[in-house]
Each structure stands twice: as structure tokens, then as C-alpha cells.
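Reading through the C-alpha cells given below for one structure.
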Amino acid sequence: EVQLVESGGGLVQAGGSLRLSCAASGFTFDDYAIGWFRQAPGKEREGVSCISNSDGSIYYADSAKGRFTISSDNAKNTVYLQMNSLKPEDTAVYYCAAKTGQGGYYLLWVYDAYDYWGQGTQVTVSS
């Protein structure tokens, strides 16, 4: 059974940090690209970052550049999203998703390219 389980969300003050984890099981992790997305209430889903486990390529949305860092531990089948300098506008449910094959910048907005999605973890940034 394929599973993507996000964790690490919570409540943090503006300027603080959180590290989200996306633990994957049920598929060959090295063959997939993993993306992070977020959706705030009343807003469209937004791509945040993507990493290609096959070649290590990394992509960031403009909103994430300079503040967020994506990384992958292939031995643990886990992708992380380190979020620093958090802002109230980062408040959202954060989801990870997996797509077979290599990553690419287009994967930040072509959501139906993904094969699997997690259930999400809430991130709330207070001002």
C-alpha cells in the first residue's frame, strides 16, 4: 500500500522555523520526484518545492526561495522541508506528493502529474 505521511506542522510565531517531513512507503522512493504544496483557506493550492530523487534536482517557487530548503534522505524514504523566517502568509495545510520519474519546474503547478498525495499537515504562523 502506498503511503505518504506528512508531519512536523504546528503553531509558530512569525520569524520562526519548522521542519516538515514526508515519509513514503509502498513504492520505490529513488524513482520518484516529491513535491511540497500548500493550500490556505479560500485560496488555490500552491506549489512550494520539488525534488527529484533520481538526480537530486531541486525546484522552488518564488515564495519559498531563500527561506525554505527541501532535502531527501533516500535511506529513510523521507523528504524534508525546512522552513525558516516564517510569515503569517505561510499559514496553510502543507501536502507532499509523489510522481514517478524525474522532477521539473513544471511540477510546481501541474498537480495532476502526481501519482500519490499525503493527507497534509497544518502550519499556522502567528503575527
Side-chain angles (χ1 to χ4, degrees):
E1 179 188 4
V2 171
Q3 279 194 316
L4 291 171
V5 179
E6 302 94 337
S7 62
L11 173 64
V12 65
Q13 288 188 331
S17 299
L18 284 173
R19 188 177 80 156
L20 305 184
S21 299
C22 172
S25 61
F27 60 90
T28 305
F29 189 73
D30 293 1
D31 294 340
Y32 279 71
I34 305 294
W36 280 102
F37 301 84
R38 65 187 184 185
Q39 189 162 19
K43 293 189 176 180
E44 296 286 323
R45 181 170 31 182
E46 175 188 13
V48 176
S49 184
C50 174
I51 185 167
S52 176
N53 284 329
S54 60
D55 65 4
S57 298
I58 288 174
Y59 308 88
Y60 293 104
D62 288 345
S63 60
K65 288 178 182 176
R67 299 189 300 127
F68 295 1
T69 303
I70 192 170
S71 62
S72 182
D73 185 337
N74 287 25
K76 295 183 178 180
N77 284 8
T78 300
V79 170
Y80 303 98
L81 185 68
Q82 177 68 43
M83 305 188 297
N84 299 328
S85 302
L86 283 163
K87 306 173 183 180
E89 51 263 44
D90 294 318
T91 295
V93 178
Y94 283 70
Y95 302 89
C96 64
K99 172 200 171 296
T100 187
Q102 291 187 332
Y105 194 60
Y106 75 99
L107 289 176
L108 293 178
W109 61 84
V110 181
Y111 309 134
D112 61 3
Y114 287 87
D115 301 299
Y116 310 112
W117 288 82
Q119 293 301 305
T121 184
Q122 175 71 46
V123 171
T124 303
V125 184
S126 63
S127 57

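Only this structure's heavy atoms are used, side chains among them; waters, hydrogens and symmetry mates stay out. Keep in mind the model is a prediction, meaning the values are calculated, not measured.
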Could you give the distance from CD (Q119) to OG (S7), rounded to the nearest 0.5 Å?
13.5 Å
Spacing of CG belonging to N84 relative to OG1 belonging to T69, to within rounding of 0.5 Å
6.5 Å
Can D90 and R67 be said to form a side-chain contact (heavy atoms from CB on, under 4.5 Å), step by step?
CA-CA 11 Å; D90 294 318; R67 299 189 300 127; 2.7 Å; yes
Backbone N/O of F29 and side chain of N53: donor-acceptor pair under 3.5 Å
yes
Find out if a path of hydrophobic residues (ILVMFWY) with successive side-chain heavy-atom gaps under 4.5 Å connects Y32 to L107.
no
Under 4.0 Å between a side-chain nitrogen and a carboxylate oxygen: does that hold for K65 and D62?
yes
How far does CD of Q39 sit from CD of E44, to the nearest 0.5 angstrom?
7.0 Å
Any side-chain donor paired with an acceptor under 3.5 Å for T28 and D30?
no
Could you tell me which non-hydrogen atom of S127 sits nearest to which non-hydrogen atom of A14, and how far apart they are?
CA-CB, 4.4 Å
Check against side-chain contact (heavy atoms from CB on, under 4.5 Å), E6 and L20
CA-CA 7 Å; E6 302 94 337; L20 305 184; over 6 Å; no
C96 SG to L4 CG distance, which is reported to the nearest 0.5 Å
4.5 Å
Calculate, to the nearest 0.5 Å, the distance between atoms OH and CG belonging to Y59 and L108 respectively.
9.5 Å
What about Y94 and Y80, same hydrophobic cluster or not, with Ile/Leu/Val/Met/Phe/Trp/Tyr joined at side-chain heavy-atom distances under 4.5 Å?
no
Minimal heavy-atom distance between S17 and Q82, with the atoms involved, is CB-NE2, 3.9 Å
Can you name the nearest heavy-atom pair linking A61 to G47, along with the distance?
CB-O, 3.2 Å
Just verifying a value: how many Å separate R38 CZ and S49 OG, rounded to the nearest 0.5 Å?
11.5 Å
For Y95, does the six-membered ring have the charged nitrogen or CZ of R45 within the cation-pi criterion, i.e. under 6.0 angstrom from the centroid and within 45° of the normal?
no
A40 and A92: which non-hydrogen atoms are nearest, and at how many Å?
N-CB, 3.8 Å
Ignoring hydrogens and geometry, is there a side-chain-to-backbone donor-acceptor pair from T124 to L11 under 3.5 Å?
no
Which atom pair, heavy atoms only, marks the closest approach of V93 to G120?
CG1-CA, 3.9 Å
Fit a plane to each ring of Y114 and F37, take the angle between them on a 0 to 90° scale, and name the class: parallel (under 30°), tilted (30 to 60°) or perpendicular (over 60°).
perpendicular
Against W109, only a single residue in Y106, Y105, Y111 fulfils ring pair (Phe, Tyr, Trp, His ring centres under 6.0 Å); can you say which?
Y105
Indicate if V125 and L81 have the same hydrophobic cluster label, given that clusters are the connected sets of ILVMFWY residues with side-chain heavy-atom separations under 4.5 angstrom.
yes
Compare every heavy atom of G26 with every heavy atom of V2, then report the nearest pair and how far apart it is.
CG2-O, 3.6 Å
Spell out, yes or no, whether F68 and I58 are grouped together once hydrophobic residues are joined by side-chain heavy atoms under 4.5 Å, including indirect joins.
yes
Determine whether I34 and W117 fall in the same hydrophobic cluster, where Ile, Leu, Val, Met, Phe, Trp and Tyr are linked whenever their side-chain heavy atoms lie under 4.5 Å apart.
no
side-chain contact (heavy atoms from CB on, under 4.5 Å) between T100 and F27: does it pass, once the steps are laid out?
CA-CA 9 Å; T100 187; F27 60 90; over 6 Å; no
